[in-house]
Amino acid sequence: MLNIALPKGRLGEKVYSMFEKAGFECPSIKENNRKLIFENEEKGVRYFWVKPSDVSIYVERGAADIGVAGKDILLEYRPDIYELLDLGIGKCRMAVAGKKDFTDNPAKTLRVATKFTNIASEYYAGIGRDIDMIKLNGSIELAPILGLSDVIVDIVETGTTLKENNLEVKAEILPISARLIANKSAFRFKSEQIEEILKKMKEQIEND
Ligand code: PRP
């Protein structure tokens, strides 16, 4: 059995349909229930839904052989895994955002709220800017509105969340997309099945 960790939520459905098209379908996954694990013995696959930010933990520790994780998570947590393929879905950007009327005063320490403290530290170190890091776990956009921070470092997809909260992008840090990742030893011991999936997914991307 090949154990596959899928990111639960928006991205997960798209990811599963790529596996399905690759010939590794598992019809029971489409049943509307709260089960977390689905198997297709004939195809030799077992899928499970995990929180998107946890996929790389399952893969790194071998509870999953392969999985799909956002580049943001891979850069932030630097798991010891193989990154096999950019799937070209779940595209968004990591950006600095703030209130429209905010302008940075280089004489002051910049207060930055984010979930992505490693990405943010690296970005500001790279431009030589002193910051005061405020680690949050969600609804990051609230921070500059309530004066908790000057700016945020967060994911921007459509830009709707920023717009509806009167915030704007101040700087782009990185483009992000979903990556197929593999556990290092599974990549050796289950190489046939993994290579097959990799090949089929590459074909799908090329034909898109
Ligand atoms: C992410 C991100 C933004 C939003 C951006 O949040 O943190 O809030 O999506 O998307 P948009 O540009 O299309 O509006 P997510 O829904 O992942 O939840 P979070 O609050 O836990 O970060």
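Index from 1, following the sequence. Both ligands and their constituent atoms are indexed starting at 1 by order of listing.
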Enquirer: What side-chain hydrogen bond (donor to acceptor under 3.5 Å, both in side chains) pairs are there with at least one residue in residues 48-69, not counting sequence neighbours?
Expert: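 Sorted result for residues 48-69: D65-K190.
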Enquirer: Counting only heavy atoms on the protein side, is anything nearer than 4.0 Å to atom 18 (O) of ligand 1?
Expert: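 Flag for atom 18 (O) of ligand 1 set to false, no protein heavy atom closer than 4.0 Å.
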Enquirer: As an exercise, identify every atom of ligand 1 less than 4.0 angstrom from a heavy atom of T158.
Expert: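 Within the 4.0 Å cut-off of T158, ligand 1 contributes 11 (P), 12 (O), 13 (O), 14 (O).
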Enquirer: Which residue, L74, V68, I66, forms the side-chain contact (heavy atoms from CB on, under 4.5 Å) with I181?
Expert: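 One option only clears the test, and that one is L74.
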Enquirer: Are any of the N or O atoms of G159 closer than 3.5 Å to those of ligand 1?
Expert: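 By distance alone, the answer is yes.
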Enquirer: So does K8 have more than 12 non-hydrogen atoms from other groups sitting under 6.0 Å from NZ?
Expert: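 No, because the 6.0 Å sphere around NZ of K8 holds 12 heavy atoms or fewer from other groups.
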Enquirer: Numbering the atoms of ligand 1 from 1, which are under 4.0 Å from a heavy atom of K115?
Expert: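 Under 4.0 Å from K115, ligand 1 has these atoms: 19 (P), 21 (O), 22 (O).
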Enquirer: Decide yes or no on side chain to side chain donor-acceptor pair (under 3.5 Å) for D132 and T109, but give the supporting numbers first.
Expert: CA-CA 6 Å; D132 174 11; T109 301; over 6 Å; no
Enquirer: Would you mind running through ligand 1 and noting each atom that sits below 4.0 Å from a heavy atom of E141?
Expert: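 Reading through ligand 1 atom by atom, the close ones are 3 (C), 8 (O).
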Enquirer: Looking at E41 and R46, does any basic side-chain N land under 4.0 Å from a carboxylate oxygen?
Expert: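 No.
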Enquirer: Mind checking whether E157 has an N or O less than 3.5 Å away from an N or O of ligand 1?
Expert: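 Yes - when backbone and side-chain N and O of E157 are compared with those of ligand 1, one distance drops under 3.5 Å.
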Enquirer: Output, in order, the C-alpha distance, side-chain angles, deciding distance and verdict of side chain to side chain donor-acceptor pair (under 3.5 Å) for S185 and N183.
Expert: CA-CA 6 Å; S185 64; N183 172 269; 3.1 Å; yes
Enquirer: Do you know which of V153, L136, I140 makes side-chain contact (heavy atoms from CB on, under 4.5 Å) with K115?
Expert: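 Looking at V153, L136, I140, the match for K115 under the side-chain contact (heavy atoms from CB on, under 4.5 Å) is I140.
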Enquirer: Which residue owns the protein heavy atom closest to atom 5 (C) of ligand 1, what's the atom, and how far is it?
Expert: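 The answer is I155 O, 3.4 Å.
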Enquirer: Could you tell me the residue and atom name of the protein heavy atom closest to atom 20 (O) of ligand 1, and the distance to it rounded to 0.1 Å?
Expert: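 The closest one turns out to be S139 N, 3.2 Å.
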Enquirer: Using heavy atoms and a threshold below 4.0 Å, how should the contact between R10 and ligand 1 be classified: side chain, backbone, both, or neither?
Expert: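 Near ligand 1, R10 shows its side chain, while the N, CA, C and O stay back.
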Enquirer: So between N165, V156, T161, whose heavy atom ends up nearest atom 4 (C) of ligand 1?
Expert: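 Closest candidate by heavy-atom distance is T161.
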Enquirer: Between E157 and R10, is the closest basic N to carboxylate O distance under 4.0 Å?
Expert: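 Counted as a salt bridge, because a side-chain N and a carboxylate O are separated by less than 4.0 Å.
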Enquirer: With heavy atoms only and a cut-off of under 4.0 Å, state how D154 meets ligand 1: side chain, backbone, both or neither.
Expert: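 Only the side chain of D154 comes within reach of ligand 1.
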